[in-house]
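Report on one structure; see the data block that follows.
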4 protein chains.
Amino acid sequence: MDEQGKTSGEGWRERLAAERRRHILEAAARAFARKGFAQTTMKEIAAEAGIAPGTIYLYFKNKEDLLISLPSLIAEETLADAMAEVGSLQDLMSPADLEATLCHLIRNGIRRMIQHIEVFRVLLSSVPVMDEETREVYLRHTPLYFGSALGQIFQTYVEQGVFRDMDLTIVARALIGMIFFFVLVQEVLPGQRVMPLDYDDVAREITRLFLYGALAQPDETANTEEES
Amino acid sequence: MDEQGKTSGEGWRERLAAERRRHILEAAARAFARKGFAQTTMKEIAAEAGIAPGTIYLYFKNKEDLLISLPSLIAEETLADAMAEVGSLQDLMSPADLEATLCHLIRNGIRRMIQHIEVFRVLLSSVPVMDEETREVYLRHTPLYFGSALGQIFQTYVEQGVFRDMDLTIVARALIGMIFFFVLVQEVLPGQRVMPLDYDDVAREITRLFLYGALAQPDETANTEEES
Amino acid sequence: MDEQGKTSGEGWRERLAAERRRHILEAAARAFARKGFAQTTMKEIAAEAGIAPGTIYLYFKNKEDLLISLPSLIAEETLADAMAEVGSLQDLMSPADLEATLCHLIRNGIRRMIQHIEVFRVLLSSVPVMDEETREVYLRHTPLYFGSALGQIFQTYVEQGVFRDMDLTIVARALIGMIFFFVLVQEVLPGQRVMPLDYDDVAREITRLFLYGALAQPDETANTEEES
Amino acid sequence: MDEQGKTSGEGWRERLAAERRRHILEAAARAFARKGFAQTTMKEIAAEAGIAPGTIYLYFKNKEDLLISLPSLIAEETLADAMAEVGSLQDLMSPADLEATLCHLIRNGIRRMIQHIEVFRVLLSSVPVMDEETREVYLRHTPLYFGSALGQIFQTYVEQGVFRDMDLTIVARALIGMIFFFVLVQEVLPGQRVMPLDYDDVAREITRLFLYGALAQPDETANTEEES
DNA sequence: AATGAATGAGGGTTCATTCAT
DNA sequence: GATGAATGAACCCTCATTCAT
């Protein structure tokens, strides 16, 4: 019992420390997102977290460690969810199902990026400057990361004749690029005069563009007009 | 003659100063692209330019002025060329011509971005941190800027029945996003294990994806297979 | 009790900070007095105070803040004392008392200036360069400041017939000028070959020169009034 | 003739150079007076003189040389005139003559100081910071310098019984101090709310204050001698 | 564990001085 | 002689990091 008590006590300790760590990291994410990594001082982060500057160093080695640790804010769970959703594309051979599922996937992807928009922002301005190793860690938490998984699934579509024959590496990355760019323009470059678009519309249009392309199909024209 | 001599002498002075300025700015672009704006010291820029630190201040007010002036490295001419190319899409109603022209446009767009990849990099990591005004200047030198022009041209396509009915703002931006993302992944996040792709392939695939979409068309399947 | 403890603890903190601040300010005064404001580096001040350069900025906004804060080294108390002494001149109608009191006043004035000679030196070399606002603060801690008070007291002397009729603004300032100049010559322009004079002698001679010059002469009163 | 021509040609050269030098020095004096020595840049001085910064170094060794050379702006003639005027006090035994001459002397002294107020200003803020040698040069061009001459003349007055017995070093310096202080307050500490006084009034009052304080009183002579 | 005062290395910037033209 | 672009040493100041409390 004594030992249990200790253990549970220490578990409590650890949990508290983990919470504290996360609390600081979230404060840092907000601060970095606001002014950029280099422009943010440890004092500001401390103030944002409501603690003393020195305390940060009890949980993080140094300022860069905060940056490196940021991706951990995006729970593994989130990444797993996203990957699972990508997996749900498997075995959908009917275009109608495909469109619905893909649209849903894109919508959720956008939602997740916006949910972690602060990390995303910091990522964007920091990644070009990072060393190889850190960058790798960062990119694992990025939509970019899902490219190969998407490509593999599309491969089955091609094999089944649902998709035409094409370079799937390129096509998968193109799809991600579209999604990425919308979030980039609207959420990361804020306050500009670009008219903000509704993400449901965006998801729907991207889905169609990807699936059907832009050209009018002689036999589809009627349908398209009926739909809209 | 005396006056002419004087004038040409002063013109020579001015031209020299402009060259010097450009020389320093290019050095700054390289340095910023390497380590990021905040991480680059004036000393480093001076060394890169082969001059003394103090000399920079004869041509630029301060470090930030270097950043703000970077877009001027991309000559107005370049932007005009790009816009002219976009204009060349006008009145191309045959899908075949459209495909060729669009592919060419995309290839040239990518080439231009890579040509100014250093500015592009700095842009990406600095824009989120910039104040409103500077950001606006920066974005004018960005592919993003061509979105509305593209959209307007696509509008005529829709009206002519070449394109199906769709939200052209979204679609135009999606196209740019695809292009943007490829350059981002391959040129701005350097040294990663993502397999580099040939930009001619990329341009071709993007063009097709955009024009035809991903789904196999019953009547096109044969053609597609013949082509590849 | 807990709260009391806290309060006294914080009071201790504050007192320590105030002491630190004063310590730095005194070091700055010595350094400035030695080499002048512009010629003194923050490093030198830090060395004089026995701290690191950065520490100064915990207590003062910048170098100029040190200069502006210098007058606070002369305690309000000192100024109040001086003013009180000036007040003690009131209601002394007998020339003998007047001489004794004035001499005492002058001696104390000189003593006070010498006591704060470093501030005085910095003042002299910095005031001509200061902006309006700062200069005003500085001059309030200056003998110049007592001119009007002296003038008012002398006014009563004139009214009582102790002093002859004269321009009291001028006369009061003249008295202060004499005192000021002695300190200037001997303490602010140091190391010159001007023979240093004993300040007791100086005070006595100034007192006499002023009094015999200011006192109404029984047989001259009429003439003076006729003249004016 | 050839040699003469050369000589006169060189003399012309020299005179031109001397004029140029004086021109620069006057520009420096204005600039220093405006912002203080340390706050003034060589570029500003050059602009004030209407020449290029490098040109200054053809006439002066460095910035400090400008400061050291400033007193030469006050022509020896001026100093000689002032000294001659002091000499005119000699042998004036009648109080009435004395008053008129002294008042005239004081008025001229004030006028001369104001005439060279820029040098005077620079002097005041620079002298405390100067090295021994330079300071000596500066002080030679200062009212302070006339103290001993005044003292010697007053000595004859005492011997003749015109002045009472007193410490003439102190008294002479006191007189100079009064004059100095008025100019200091009104001309060197500009823009303050001290009411500006008319210098004729000032000269008159100072003269009277000094004379009535210094003159021997028939009935007091004995007492004075007893005291000393 | 938490604090926050102290540190001091390093950055951006200025400006007296030089020297090729 | 005159110029003014170039220099680079030196300054003020910031801020990541430490450590005594």
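What you see below is based on every heavy atom in this structure, not just the backbone, and it leaves out hydrogens, waters and symmetry mates. Each chain gets a letter, A, B and so on, in the order the sequences are listed, and its residues count up from 1.
Between Arg30(D) and the options Glu118(D), Glu44(D), Glu48(D), a side chain to side chain donor-acceptor pair (under 3.5 Å) holds for only Glu48(D).
The nearest whole Å value for the distance from the CZ atom in Arg21(A) to the P atom in dA2(E) is 14 Å. dA5(F) atom P lies 16 Å from atom CZ of Arg15(B), rounded to whole Å. Distance, Ile45(A) CD1 to dT17(F) P: 10 Å, rounded to whole Å. Between the P atom of dA20(F) and the CG atom of Leu16(C) lies a distance of 17 Å, rounded to the nearest Å. The distance between atom CD of Glu44(D) and atom C1' of dG4(F), rounded to the nearest whole Å, is 16 Å. The interatomic distance linking Ile56(A) (CD1) with dT18(F) (C1') rounds to 14 Å, in whole Å. Computed from coordinates, the Leu58(A) CG to dT17(F) C1' distance equals 12 Å when rounded to whole Å.
Without hydrogens or angle criteria, Ser69(B) side chain to Asp65(B) main chain gives a donor-acceptor distance under 3.5 Å. With Tyr138(A) contributing its side chain and Leu67(A) its backbone, the two residues share a donor-acceptor pair below 3.5 Å. Judged by distance alone, the side chain of Lys43(C) and the main-chain N or O of Ala52(C) form no donor-acceptor pair under 3.5 Å. Distance alone, capped at 3.5 Å, is enough to place a donor-acceptor pair between the Ser126(A) side chain and the Val122(A) backbone. Not a single donor-acceptor pair under 3.5 Å links the side chain of Thr134(D) to the backbone N or O of Met130(D).
Relative to the six-membered ring of Tyr57(B), Lys63(B) misses at least one condition, a distance below 6.0 Å or an angle of at most 45° to the axis.
By the ring pair (Phe, Tyr, Trp, His ring centres under 6.0 Å) test, Phe120(C) is found to be paired with Phe180(C), residues two or more places apart in sequence or in another chain being considered.
For the pair Arg20(B) and dA6(F), the criterion of a side-chain N or O lying under 4.0 Å from OP1 or OP2 is met.
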Please convert DNA chain F into dot-bracket. A pair counts if it is Watson-Crick or G-U wobble with both distances under 3.5 Å; crossing pairs go in [ ] and bases paired with another strand get |. .||||||||||||||||||||
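Residue Phe60(D) is out of contact with every strand shown, counting any heavy-atom pair closer than 4.0 Å.
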What one-letter contact string describes nucleotides 11-16 of chain E from 5' to 3', where B marks a base within less than 4.0 Å of any protein heavy atom, S marks contact via sugar-phosphate atoms alone, and - marks no contact? SSBBSS
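For the pair Arg22(C) and Glu26(C), the salt-bridge criterion is met [side-chain N within less than 4.0 Å of a carboxylate O].
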